[in-house]
Amino acid sequence: MLSLLDLRARIDAGTLTPHGAVGLAREAIAARDDAVRAFACLDPRPAVAQEGPLAGIAVGIKDIIDTADLPTGMGSPIYAGWRPKADAPVVARLRRLGAVPLAKTTTTPFAFLDPTATRNPRHSGHSPGGSSAGSAAAVGAGMLPLALGTQTGGSVIRPAAFCGVVGVKPSFRLLPTVGVKCYSWALDTLGLFAARVGDAARALALLAERPGIDLVADTGAPRIGVVVPDFCDEAEADALAALQRAARAAERAGARVHDLSLAPLFGEAFACHPVIQDYEARQALAWEYAHHREALPPLLRAALDAAQDVGTDAYDAARRTAHRARRSLKDVFGEGDVDVILTLSAPGAAPEGLASTGDSRFNRLWTLMGVPCVTVPVETTGGGLPLGVQVIARFGDDGRALAAARLIERAVG
Ligand SMILES: NC(=O)CC(=O)O
């Protein structure tokens, strides 16, 4: 895969130019994307800045994120050819840092569950996951060193794990979702994909203007609480084995690892995620539902049909429960002798075929809690499909989540 840090080191050393670095991505796209289909469109004549900490870094932008010089199609014929007037602030920030928004990456329609045509870069007969399908696949295929995605349920962590890359869903609103097509304003979170933890940490620190995110020294021996939430349905044996492998490797690397159980309140909060999501999606997509319902794909259309019945009382009760759970989660980290939580990134490896983007049941609670999540590739199944594990820190402690993820990444080798 293309490493952001490696490209930047070669540019800083004068052995590679920013044009040359972008050229490597364009060559890889030309060679591989026919098999992967990760892109909605490409910039045919990208402007390549010579200066900036991300000069030479080609970036994929999920196609629900506004770009002024490329269409933003939302993965839907309803927005075919739609050209926003302005870049989303996160895209404008990338340009100020010297990066090149080279391509729009495929998204499931409006970032819901209906699949894309994108294939898993590690096994073309399997899904790359969703909704940030193209971003995860493009990095996993070695076509880009960095890509942006979003998560409302599990749309960063799950596809990253399926494609064998690092995915970061930062603390809620660490990055501005202005200019990003809204599905749920209480849940939508901008995230990113990269080859390795260090690449992702550098990118997030620059995007968030928080150098400390990348400078969290290896926090020595993190206290890791390992949990498989009992309110999530069963996980596949391969995924559970990968979690245990990561936990044991972290322990050998000096981490203090113990099993963690979550109070029933977190199961109640888990059940509140769809109530909040669906109530807000009904309003966020009211225009599309009113004027183009027949052009919506089947899973999204059915979800919005059902969302018409979600009332304000249920919504307000769900928000109260989520609030209580967020306060209780602070105690898990504070009094629970836990620096980070280690859990599954997905129920298993990528689903066979392209009909399903997989299940977000091991992601939704953490999205609702607004806490930073990082998925790290751990191993591959016998069939060559990647498996990841998810590292979660307290709200605002993104650097610690990345530092612990880096320890695990190194420990599993
Ligand atoms: N946007 C989302 O997070 C939905 C999903 O988990 O696929």
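Counting convention: from 1, in listed order, for ligands and their atoms alike.
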With a heavy-atom distance limit of 4.0 Å, tell me whether T150 approaches ligand 1 through its side chain, its backbone, both, or neither.
neither

Identity and separation of the nearest protein heavy atom to atom 6 (O) of ligand 1
G154 N, 2.7 Å

Measure the acute angle between the ring planes of Y79 and W82, then classify it against the limits of 30° and 60° as parallel, tilted or perpendicular.
perpendicular

Indicate the atoms forming the closest heavy-atom contact of E280 with S184, along with that distance.
OE1-OG, 2.7 Å

Distance-minimising heavy-atom pair for T150 and A111
OG1-CB, 4.4 Å

If the cut-off is 4.0 Å to any non-hydrogen atom of S360, which atoms of ligand 1 fall inside it?
6 (O)

May I ask whether R364 has any heavy atom positioned less than 4.0 angstrom from an atom of ligand 1?
no

When rounded to the nearest 0.5 angstrom, what distance separates CZ in R93 from CG in L54?
8.5 Å

Parallel under 30°, tilted from 30 to 60°, perpendicular over 60°: which one fits the rings of Y315 and W185?
perpendicular

Can you check whether T152 has an N/O within less than 3.5 Å of an N/O in ligand 1?
yes

Do ligand 1 and S155 have nitrogen or oxygen atoms that lie under 3.5 Å from each other?
yes

Within 45° of the six-membered ring axis of F39 and under 6.0 Å from that ring's centre, is NZ or CZ of R37 located there?
no

Please list, in number order, the atoms of ligand 1 under 4.0 Å from a heavy atom of G153.
2 (C), 3 (O), 6 (O)

Please report whether ligand 1 has a polar contact with A111, defined as an N or O pair separated by less than 3.5 Å (distance criterion only).
yes

One residue to check: S131. Relative to ligand 1, which of side chain, backbone, both or neither has a non-hydrogen atom less than 4.0 Å away?
both

Check for me whether the distance between the ring centres of F172 and F395 falls short of 6.0 Å.
no

So which protein heavy atom does atom 7 (O) of ligand 1 come closest to, and at what separation?
R158 NH2, 2.8 Å

Going through the checks in order, is the side-chain hydrogen bond (donor to acceptor under 3.5 Å, both in side chains) test met by D238 and T381?
CA-CA 7 Å; D238 280 349; T381 66; 5.0 Å; no

Could you list which atoms of ligand 1 come closer than 4.0 Å to a heavy atom of L113?
5 (C), 7 (O)

Distance filter under 4.0 Å to G130 heavy atoms, resulting ligand 1 atoms:
7 (O)

